[in-house]
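Before any comments, here is the structure.
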2 protein chains.
Amino acid sequence: MITFTEENYLKNLLLLSMEHEGVSVLMLSKKLGIKMPTVTSMMKKFAVKGFVNFSPYKQITLTASGKSEALLVLRKHRLTETFLTRVMGIGWEEVHSIAEQIEHIQSPLFFGKMDEMLHYPETDPHGEPIPTKEGVLIQQPKMRLSACRVGETVRLTGVNDSSKEFLTFLNSKGLKPGVRGKIEHVEPYDSSLTIICGDRKEVLSKTIADKVLVELM
Amino acid sequence: MITFTEENYLKNLLLLSMEHEGVSVLMLSKKLGIKMPTVTSMMKKFAVKGFVNFSPYKQITLTASGKSEALLVLRKHRLTETFLTRVMGIGWEEVHSIAEQIEHIQSPLFFGKMDEMLHYPETDPHGEPIPTKEGVLIQQPKMRLSACRVGETVRLTGVNDSSKEFLTFLNSKGLKPGVRGKIEHVEPYDSSLTIICGDRKEVLSKTIADKVLVELM
DNA sequence: TTAATTTGTTAGTCTAATCTAACTTTATTA
DNA sequence: TAATAAAGTTAGATTAGACTAACAAATTAA
Ligand SMILES: [Mn+2]
Ligand SMILES: [Mn+2]
Ligand SMILES: [Mn+2]
Ligand SMILES: [Mn+2]
């Protein structure tokens with residue numbers, strides 16, 4: 001039996017290892033908001049359980065078993081977010097904190113029904129891919145809006161930050177996955193960027209444009 | 001902040017106090033499947049928190065504050081069960097164990113949406129009333145099928161036991177809330193009862209008929 | 001009304017998950 | 001390369017929630 005706490009460690013370990021080759025105790029500690037000694041002792045426990053490869057002062061890597069458990073939690077998280085927006089009509093800026101709790105429900109039947117009702121969705125409301133039941137995760141390449149050039153037409157596909165604050169800000173600019181826009185201007189001085197989406201023209205700082213993911217059209 | 005564990009104690013304390021005036025440590029211990037000393041120490045904690053009135057060797061009673069917290073948990077449980085059956089199409093024999101987990105989710109928004117999608121339901125799939133947001137619980141009088149007499153026509157309104165095993169058994173007899181039937185025979189020897197529902201004729205032992213709740217038509 | 005049974009409490013132990021303080025190892029910088 | 005800083009570990013404490021064993025109170029039966 002995997003506990004609530006263990007599921008959180010596993011999921012965040014997976015998220016970190018998708019961005020970096022080898023995860024440090026410090027990174028995981030910061031991600032979870034848990035002090036380093038606590039993380040160290042959990043990693044020792046995980047090594048015994050066979051979820052990670054870990055020896056003192058070395059990087060942490062997930063084993064096949066740890067990764068498959070982690071993928072299941074990530075699947076439950078993203079499936080839930082999709083369900084909350086598509087079926088229940090909850091805003092994409094609100095779903096993360098609810099999914100953070102529901103991802104720990106133990107009921108294959110419940111998540112199976114979700115999947116069925118959503119017709120086996122492939123991405124969550126933030127544009128992130130949903131791991132399959134078999135534990136397969138297809139990572140599509142991500143391009144930052146900040147990397148686009150003047151004149152390019154893009155489609156918003158995702159975000160780098162699912163916090164309520166950031167998503168509420170994007171809502172206020174009319175930006176969400178699926179929206180198309182054309183880069184009108186990039187200011188050389190501060191790299192801020194002007195984008196035209198439908199009848200709206202918005203200026204986005206580099207900080208923002210770094211967190212918005214797009215595909216070229 | 002009320003924990004997962006505390007919510008379970010509160011809800012079960014409420015359920016017991018709806019049937020008995022004053023709850024004993026033993027009763028709560030049996031209901032929760034937790035040993036008596038553990039229950040005693042939790043009740044001491046609850047007394048300090050102001051959730052219960054409790055002094056050694058006396059009965060436990062919920063305070064107004066404890067009752068209102070308990071009603072909120074019961075509301076989340078029953079709302080969830082209703083959502084799982086009506087929106088997600090999960091069988092009434094499966095929903096209890098899932099609701100047992102989801103009732104601990106902390107998100108008024110989530111439960112508010114559920115309520116809205118279900119058009120503010122008043123009873124759960126087992127026929128139990130759902131406490132209102134304001135903490136009002138309307139207990140309709142319950143009549144046992146075993147108390148009915150030959151010739152009476154009844155409507156199944158609820159059950160006394162929401163275990164998967166029992167509900168699966170009722171499913172096999174075609175019995176669920178809303179179904180109507182006529183008592184054809186009551187066997188004096190063992191109080192078993194024969195009921196006609198539509199084109200089916202079923203014989204139910206007293207054990208079963210005691211757990212099936214009906215209203216006379 | 002005494003004895004037996006049931007119910008309840010106290011005391012002490014355990015595990016999971018967290019923390020802080022102190023120390024050690026590794027990496028960086030002067 | 002030696003000093004400093006950053007990252008990581010060890011040791012020990014804490015809290016929540018559970019347990020068992022032993023004892024005490026209340027209830028029931030003889
Ligand atoms: Mn979580
Ligand atoms: Mn997401
Ligand atoms: Mn529960
Ligand atoms: Mn129910």
Side-chain angles (χ1 to χ4, degrees), chain A residues 1-14 16-17 19-62 66 69-70 73 100-101 103-106, chain B residues 1-14 16-17 19-62 66 69-70 73 100-101 103-106:
Chain A
M1 240 284 92
I2 298 185
T3 67
F4 187 106
T5 305
E6 288 175 332
E7 284 195 329
N8 279 335
Y9 274 87
L10 284 169
K11 187 190 67 180
N12 285 287
L13 210 34
L14 176 66
L16 287 171
S17 40
E19 312 248 295
H20 316 81
E21 196 52 49
V23 178
S24 69
V25 170
L26 185 65
M27 279 159 59
L28 189 51
S29 162
K30 281 181 176 154
K31 188 112 211 260
L32 290 165
I34 283 173
K35 294 287 182 290
M36 289 178 69
T38 310
V39 171
T40 299
S41 58
M42 186 62 87
M43 289 310 101
K44 284 182 179 172
K45 193 169 102 182
F46 273 17
V48 172
K49 284 201 171 196
F51 289 156
V52 298
N53 302 113
F54 178 63
S55 30
Y57 302 104
K58 298 279 166 60
Q59 301 282 81
I60 307 154
T61 54
L62 282 166
E69 295 291 352
V73 182
E100 203 56 53
Q101 302 176 65
E103 70 190 359
H104 305 294
I105 301 292
Q106 301 296 334
Chain B
M1 241 283 94
I2 298 186
T3 67
F4 187 106
T5 305
E6 289 175 331
E7 285 195 329
N8 279 334
Y9 274 87
L10 284 168
K11 187 190 68 180
N12 286 287
L13 211 32
L14 176 65
L16 287 172
S17 40
E19 312 249 294
H20 317 80
E21 196 52 50
V23 177
S24 70
V25 170
L26 185 66
M27 278 158 59
L28 188 50
S29 162
K30 281 181 177 155
K31 187 113 211 258
L32 289 165
I34 283 171
K35 295 288 182 290
M36 290 177 69
T38 310
V39 171
T40 299
S41 60
M42 186 60 88
M43 289 309 101
K44 284 183 178 170
K45 193 170 102 182
F46 273 16
V48 172
K49 284 200 171 195
F51 289 154
V52 298
N53 303 113
F54 177 63
S55 28
Y57 301 103
K58 298 279 166 61
Q59 301 283 81
I60 307 155
T61 54
L62 282 165
E69 295 292 351
V73 183
E100 203 55 53
Q101 303 175 64
E103 70 190 357
H104 306 293
I105 300 293
Q106 301 296 334

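Labels below follow one simple rule: chain letters A, B, ... track the order of the sequence lines, proteins then strands, and each chain is numbered from 1.
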From the 5' end of DNA chain C to its 3' end, which nucleotides mark the outer limits of contact with chain B, defined by a 4.0 Å heavy-atom distance cut-off (strictly under)? C/dT7 to C/dT10
For A/F4, which contact category applies under a 4.0 Å heavy-atom criterion: base, sugar-phosphate, or nothing? nothing
With a cut-off of 3.5 Å and sequence neighbours excluded, list every side-chain donor-acceptor pair involving residues 23-34 of chain A.
{"residue": "A/S24", "atom": "OG", "partner": "A/M27", "partner atom": "N", "Å": "3.1"}
{"residue": "A/S29", "atom": "OG", "partner": "A/I34", "partner atom": "O", "Å": "2.6"}

Residues passing the side-chain contact (heavy atoms from CB on, under 4.5 Å) test with A/S41, sequence neighbours excluded, are none
Whole Å only: how far is the CD1 atom of A/I34 from the C1' atom of D/dT9? 17 Å
For B/V39 and B/M43: C-alpha separation, side-chain torsions, deciding distance, then whether side chain to side chain contact (heavy atoms under 4.5 Å, CB included) applies. CA-CA 6 Å; B/V39 171; B/M43 289 309 101; 4.2 Å; yes
Looking only at heavy atoms, what is the nearest atom pair of B/S17 and B/L62, with distance? OG-CD1, 4.0 Å
Side chain to side chain contact (heavy atoms under 4.5 Å, CB included) between A/Q59 and A/E21: does it pass, once the steps are laid out? CA-CA 9 Å; A/Q59 301 282 81; A/E21 196 52 49; over 6 Å; no
With A/F54, which residues qualify under ring-ring contact (aromatic ring centres under 6.0 Å, His included), at least two apart? none
Check DNA chain D against residues 54-62 of chain A and give the residues with a non-hydrogen atom under 4.0 Å, in numerical order. A/F54, A/P56, A/Y57
Residue B/K58 excluded, over 12 heavy atoms near NZ under 6.0 Å: no
Sorted by number, the residues of residues 19-32 of chain A with heavy-atom contact under 4.0 Å to DNA chain C: none
Taking side chain to side chain donor-acceptor pair (under 3.5 Å) as the test, write out the residues that go with A/K44, two or more places apart. none
Note, B/E103 side chain near B/N8 side chain (heavy atom, < 4.5 Å): yes
Sequence neighbours excluded, the answer for side-chain contact (heavy atoms from CB on, under 4.5 Å) partners of B/Q101 is A/I105, A/Q106
List in chain and number order the residues that pass ring-ring contact (aromatic ring centres under 6.0 Å, His included) with A/F4, two or more places apart in sequence or in another chain; answer none if no residue qualifies. A/H104
With sequence neighbours left out, write down each residue that passes ring-ring contact (aromatic ring centres under 6.0 Å, His included) with A/F51, or none if nothing qualifies. A/F46
Sequence-distant partners of A/K35, side-chain contact (heavy atoms from CB on, under 4.5 Å), two or more places apart: A/P37, A/T38
DNA chain D-proximal residues of residues 35-46 of chain B, any heavy atom under 4.0 Å: B/K35, B/P37, B/T38, B/M42, B/K45
